[in-house]
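Remember, it's a predicted structure, so these values are computed and weren't measured experimentally. Note on naming: letters A, B, ... go to the chains in the order of the sequence lines (proteins, then strands), and numbering restarts at 1 for each one.
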Amino acid sequence: MLSVEDVTVRLADSFNVVSGVSMRIERGEVVGLVGESGCGKSMTSLAIMGLLPAPQARLQAGSIALDGKDITSLPPYRRVEAGCGGVAMIFQEPMTSLNPVLTIGDQLAEAIRVHDGVSGPALRHRAQELLEMVRMPDAALQLGAYPHELSGGMRQRVVIAIALACRPQVLIADEPTTALDVTVQSQILALIRELCDELSMAVLFITHDLGVVAQLADRVLVMYAGRIVESAPVGTIFREPAHPYTRGLLACLPNPLARGRRLQTIVGQAPRPHEIGDGCAFAARCAYAEDACRSPGADWRQVDGDHGVLCRHPQSGQLVQ
Amino acid sequence: MRETLHTLLAPFLARRIALLGLAITLLMIFAALFAPIIVPYDPLEIDSLARLSPPTGTHWFGTDHFGRDTFSRVVFGSRLALIIGIGVVSFALLTGVPAGILSAMFPRVGWFVMRAVDVLMAFPALLLALGLIVILGQGVLNAILAIGVVYLTTTARITYGVTLRLRAEVYVEASRSLGAGTVWLVLKHILPNLVSPLLVQASFVFAFAQLGAASLDFLGLGAPPDIPSWGNMLAESRIYITRAPWLLFFPGLMIVLTAFSLNLVGDALRDRLDPRFREALGTPRRN
Amino acid sequence: EGTLRYATIGEPPSLDVQVGTASLASTISQHMFETLYAFDAAYDPQPMLASGEQVEDDGRTLVISLREGVPFHNGQEMTSEDVVASLTRWGEHGSRGGLLMKNAVSLEATGKYEITLKLSEPNGAWKNLLAFPNGGPVIYPASVASAAGKEPIALEDYIGTGPYRFNEWKPNRHVELVRFDDYAAVDSPADGYAGARVAELDAIRFIPVPDVGTRVSGIQAGDYDYAEFIPGDLFETLDADSAVTVHRNGAPIYGLMFMNSKDGILKENRKLRQAIQAALNKEEALRISIGPEKLWDANGSFYPKTSVWYSDSGVASFSEGDAEKARALAEESGYDGTPIKLLVSTNYQFHYDQATVFTKQLAEAGINVQLIVVDWATLLKKRAQPDQWDIFFTHHGSVPDPVLITVLNETYPGWWETTEKEALKASFTGTADIDARRNAWSDLQALIYDQVPAVKTGDVYSYNIASPALKGIGDSTVIWPHFWGVTK
Amino acid sequence: MWLYILKRLGAAATTLAAASVIIFIFIHLIPGDPLYVLLGDGATPDQVDALRQKLGFDRSLAVQYFSWLSNVLQGDFGQSIFFQTPVLSVIGDGAETSILLASITMVWIILLGIPVGMIAAMRHGSWTDQGLSGLAMLLASVPTFWVGLYLILIFAAWLGWLPSSGYPSIFDDGGLANLQHLLLPSLALAAPNAALILRLTRASMLDVAREDYVRTARAKGIRPWRVVVRHIFRNALLAVVSAFGFTLAALISEAVVTETVFALPGIGRLVVQSILRRDYPVIQGVILITVVLYLGVNLCVDLSYRFLDPRVELE
Amino acid sequence: MTTGPVLTVEGLTTSFRVKRGGRMRRIAAVKDVSFTLNQGEILGIVGETGCGKTTVGRSIIRLVKPEKGEVRFGGVNVQALSDSKLRPIRLGIRMVFQDPFASLNPRRKVGDSIAEAGDIHGLFDGLDDRARQVAETLSAVGLDPSFAERFPHELSGGQRQRVGIARAILPSPKVIIADEPVSALDVSVQAQVLNLLADLQEKMRLSLLFISHDLAVVGQISDRVAVMYMGHILELAPTQEIFAKPKHPYTAALMAAVPRPDPAVRIKGSTEVSEPPSRLEEAAGCPYVQRCPIATALCSKTMPPLRVVADGELVACHNA
Ligand SMILES: Nc1ncnc2c1ncn2[C@@H]1O[C@H](COP(=O)(O)OP(=O)(O)OP(=O)(O)O)[C@@H](O)[C@H]1O
Ligand SMILES: Nc1ncnc2c1ncn2[C@@H]1O[C@H](COP(=O)(O)OP(=O)(O)OP(=O)(O)O)[C@@H](O)[C@H]1O
Ligand SMILES: [Mg+2]
Ligand SMILES: [Mg+2]
């Protein structure tokens, strides 16, 4: 459905924040993209949407194709057009993703008009339908509400409804639940899952929360310092992660059920974009790193059928907590 | 030290036009400091035989109706411009900043102070300055006071706004949680963080003080006419606009250049130091 | 035909010219109000509202007959009753009324068209005083004059006999006069202010345009027809400009620096005053402040050569510009370098310019001057306080009789009052004989140069500019421009 | 809403009261005597005293203030000392000019400032943007009277295209054509203020363009220009509207000099002349009215916020 | 390990005045909260956004003035003290803030921030002593002493939070209130900071009030956990107990909603909206009543008090 090849995003002060990211997402599949803050998740998604913040960031290389059709050089409003089977996106901050001076109905209608070309009562009807689709209570009433009159969870639903108005084939969700409470988060996650199945969309779900990934994704991409370092079905990632980083990450999750006072840690911090050298970006924090790791040239290797990793010495075996 | 210098210069290095502003500003300060060395004539020297001469090799900017050399007067005028600028800025800062901080730190007192500021703000600025000048009498110091009062209000407002915001900052709260008193908070947390918004404000005030002073001079109520100031030169020579247009051109140009360069400096500082305060500092012109 | 637009330097104060002396007020109101006599081009008073006179009793009794059939703007005919009421008010409250009327024994209407004024002493200047409209005895209806008393006359009572009548005063915008169709003109050709006044224009509008550049470009652009107070330096350019006609005023004005005789360092210090006088080079000051030589005259006499009052006594001291002599005199006077406070206003550019030049000249003679630059309103207030100043700068317009010169007035700031002066002044006013009066004036002028109650700074011939379309602007000897006989 | 307006009016009344005291005290601190100005050079002390008594200036300041205040509250601003006519009619005569001048200037400001600011913002970083921003900065640094003098020199004296100065009322002969008298002054007056609005429009457009909801709008597939008009501009306008109160205050101030240069019979020049003439009642009246105007405009700006921004709760 | 209480909170109620709908209204952010913090204990407080966790912490050290209630520290009622008497108390109870970016003054060197408490109270014996103590503290939180000369913007998030902790332990306090000290950090760094806090607590015998919205984190570090909802503590129990057998229906729902990092146990969440009611509406009963599956008529009438249901387990529910 969506295929991304070798996408590289470069900042104006000439660092790559995303380097050579490739991925494929199929219809009806939820792919989780996890990684720490600043590793380039949002930049990847914005590159797909064609919404990279100019002039600070630009697409340096790579191509993006939708349904086999290259959309790399299309402006954003063409990428979402129904005709070519669009991409839609929901953003991290439900509080700021909606225009504060327009009603929910207006903002929905705008999107509907672009994609369905309807107007008048049909428009209103469709708007209400979309709100109902995201399980908004009193949908008809809420059309006239302003964003500030809604709670965070409701706003996130509106944002999702707007994305759905585009009748997208691919939905990109950039940390849509980070700002929400766990109880609300679980509602939104369930909603996305349901919609994905119902409309058989391809979903790229971006998060830094491994728990969320475990709950929702079919497949997981782990990102570190601008690169995809591991890709595997969700079960494999959590059971038998191959990349030392992934393993470290999983090991340092707090676990109240197996409560011990000390947690395992990964030493150090993720590098900032300008600190990334040519070699493996994780080498400085990696227990298995050797001199070779610090020079360029690590290749993507397939550990298993659909389990790949970007590491010279991937680990095997079950992770024990 | 080098680092501080670099941080200070950074906003200018990033933008060529800001560098121009800085250069003009420095040139003006240089002219003001070394005026007696630079100028070919005594700016007050009357020469009844060389009246209203157009720009020539001997009088680069021409002469006025007293036969005084316009170039020398323009150069000397930068002294007054500098004095007015520094004076107004200092006055505005020395009064506005304490008023603003006090109001923000002690809301009860602050209510009254800010109402007083509101009242002052409600007067059209130039009229306020005019009125004060007429009361105090003409003079450089009084002009500084009169214009200073105008900018005291904006400075107090900005200080008040920024201090309120700073007061709510987590690090201020953190300091309070350690037992810090008001004086400590103001000295260690509020003031240092006020420096850059105030620096920005200061450069705008400096720029607009020039326009304000020129307006007062133009209405004949600014610096005493025997002091060579750009505004006075304009006021004195405006009747010659048809006969000797250059007489108005050069002093006017100097006012524009000074205000322009300081605006550029302020703009660059603001963009660099305090993008957050853009709105608070958006409309400083009051004259 | 049409409306004449006159760009004035500012707003006139009250147009009640009996009380006020502002020249703009005179310019405007002379179109509305008339006096019994009016000056001709040679500054000889000629009958205007009067038709003739008889002088009896050695000049102590004046019987003046009035023209018949002269209507006021309100339609009433002017009679002796109106004249008596007007002259009475003028005598009591008019700014120059006292000069004539303080010696009045009686003033009566001795017929419908005749009045009789009896004086305790003869006054040689009587006709001049009755003819001079500035602060002078213009004739109002009796009801207006007696109702107003010492207060300025209200707008709705601006009723006179002149060729134009008051129409409206829009503050800040304009004062407008319109033609008075029933005007009764004198039956003689126009001559100076005298003779027939023919109103050709429908209206005259006096528009305040304080900025001089704007006044000039306004004439050039055709927005105004006539503009006053044009700086000397523009004279040559404007003279050459075909879009503008220039009208040089034949009656000069002159700057006056009054010395404080009541208080301060100059009080009774005649030597120091002479030192100051000796230091000044008035030519330089005039050249700088006025510019073209056509527009000034370094003339020491209080009257131009063409005047009957011209005299050269004392004028040798007029513009010596002798720093050495001044230094010596100052030393003799015991001057210790104390700054001398010179009060000057910037509202009149040439005051300030000349004061600046004089300051420089005095400094060269070792005399320190501290310029106190204020606006005109402040100056007027300050000069009444003797402790605030040593010298103040003002100017004086042309007056047809020396008795009107403020230097001679003891109550005028400066307060010059010496026995020599009193004696001379008495012999000057106490006779109607013109030669005796001229001699007395000549001595007074010499005394002024000796005692230095004030320093004359030289004659300035102001000029006004007009659009070339304006025809018939009278000869150039007038003090205030008038627009009867003018067409557009 | 009504409660809010009432509260604001209450606050404005306090401000006004304070302002009126300040005005009154300030004005009487001004040295100089209106009576000498009125009566002229040759006035005798006797005349002056008589007039002083008639006008009530011999009473104590407090008494004068309260009698003035009670008169003002009844709509009587007193008599102009200089013109001997009611202050309100003096001000009323100037009001036509000033209101028209301010309106035309506002039109210029809006017509030039906002669209050009939008263009600069949309071409952010380009030469167009830098040129326009630089020009705006330059214009904001120019004294209005200086521009005014050169405008007169060029367009009136040299080219003769427009009248140099003055302004005959539109109710006089000439009618609406008289408005061309206001063209040059309004341009001179508009220049720095339009520059300010331009910069503000540009800055707030750029700020808003960074907002998340603009990204959402783009992601929806809306055409770029529609994003600009509907999402960016509308929100950017909030900051610009708030500057209008400020701009008006600046206009009142700058009109003082502009009206003097262009010989416009407006309130600005009236007040300067009145200060020079010490015509206290007129100065008091004008300043009081401008203060009222300022407070009124600010109230309107705040109210208009409510209609532009649903988040705003009027406190 | 734990001994008697160092900090006792009783009936703490704090409200804010806010402007809503054109009127001033009171929002009770914390209602009748009571608990004790024992010597050497870590007490966790969890709850969703806006439930009043931070306000509890701020009320204890009187950064906001509570409406009612007592806070006893070392035998004195903190709430009754005058401002000047309060100052020394503030040395004993210290706070670590959630946002490591906002809680350091960007214009002060790290060393100055760490030394601030000492500076305010004049505790240093000259500059050398100050430098030495700062260096020691930096080492204690695992940072190189050279960090004293750096500015906050030169530090990573984890490093800043260590500085934040360093500031809270010089001079050493009795109680630390850690308000979401790790929620702004990435998991890999979060673990480092959690370990550091635990180590320090043990080494310095501190008592720790640990506030977080993340159940897993709280569970990891705390001895006991208090669950807050809409200003109330609904349950307070030892960690094991609360995770194994939550007694309050809200605690149970919260536990169920936490996404486990284990794809094998997927939650079947509901897609229906159920969110906390508005804080502006004061209701007499239990705040959870609308969402509670076992609510009875009584629940909407009276707020159940926090009562002991088992040894050391307190629950505020009529039906638990
Ligand atoms: N507008 C921008 N200009 C310059 N650099 C940026 C910009 N936006 C992001 N970056 C940088 O690009 C890098 C990648 O950012 P990105 O937003 O993709 O991270 P992320 O993985 O989404 O992080 P988070 O979890 O915090 O959202 C970061 O180092 C960030 O500092
Ligand atoms: N200064 C304040 N003024 C007004 N209301 C406030 C203030 N501080 C907090 N509140 C309100 O009090 C309630 C509790 O806030 P508090 O910050 O204590 O919650 P919290 O549990 O710490 O939330 P979070 O997890 O978001 O930090 C919230 O409804 C909040 O809106
Ligand atoms: Mg992101
Ligand atoms: Mg909190």
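- The CG atom of B:L127 sits 8.5 Å away from atom CD1 of D:I252, with the distance rounded to the nearest 0.5 Å.
- Taking every heavy atom of both residues into account, D:P143 and B:V256 meet most closely at CD-CG2, 3.8 Å.
- Other residues, nucleotides and ligands contribute only 12 or fewer heavy atoms inside 6.0 Å of the CH2 atom of D:W108.
- D:A140 and B:F208 get closest at one heavy-atom pair: O-CE2, 3.8 Å.
- Between chain B and the options D:A19, D:A18, D:A11, the largest number of non-hydrogen pairs under 4.5 Å is found for D:A19.
- Residues in residues 110-139 of chain B take part in these salt bridge (Lys or Arg N to Asp or Glu O under 4.0 Å) pairs, two or more places apart or across chains: B:R115-B:D118, B:D118-B:R157.
- D:L149 touches chain B through backbone and side chain together, each having a heavy atom under 4.5 Å away.
- Rounding to the nearest 0.5 Å gives a distance of 9.0 Å between OG of D:S141 and CG of B:L257.
- In terms of heavy atoms, B:L211 sits closest to D:V142 at CD2-C, 4.3 Å.
- With a threshold of 4.5 angstrom between heavy atoms, B:A214 approaches chain D through its backbone and through its side chain.
- One distance of note links OG1 of D:T260 with CZ of B:F218; it measures 7.5 Å at 0.5 Å rounding.
- In this structure, the portions of D:L138 lying under 4.5 Å from any heavy atom of chain B include both its backbone and its side chain.
- Note: D:I275 CD1 to B:L130 CG = 5.0 Å, rounded to the nearest 0.5 Å.
- Of the two parts of D:T15, the backbone and the side chain both hold a non-hydrogen atom closer than 4.5 Å to a non-hydrogen atom of chain B.
- Of the possible polar contacts, one joining the D:W146 side chain to the B:L248 backbone as a donor-acceptor pair under 3.5 Å is found.
- At a threshold of 4.5 Å between non-hydrogen side-chain atoms, the residues D:V256 and B:L219 count as touching.
- For the pair D:Y294 and B:M121, the tightest heavy-atom approach, listed with the atom from each and the gap, is CZ-O, 3.6 Å.
- Between D:S253 and B:A125, the closest heavy-atom pair is OG-N, 2.9 Å.
- Proximity to chain B (any heavy atom under 4.5 Å) is shown, for D:V291, by both the backbone and the side chain.
- In this structure, no portion of D:V147 lies under 4.5 Å from any heavy atom of chain B.
- Using a 4.5 Å cut-off between heavy atoms, B:L262 makes no contact with chain D at all.
- To the nearest 0.5 Å, the span separating OH on D:Y150 from CZ on B:F249 amounts to 6.5 Å.
- Heavy-atom distances place no part of D:L248 under 4.5 Å from chain B, backbone and side chain included.
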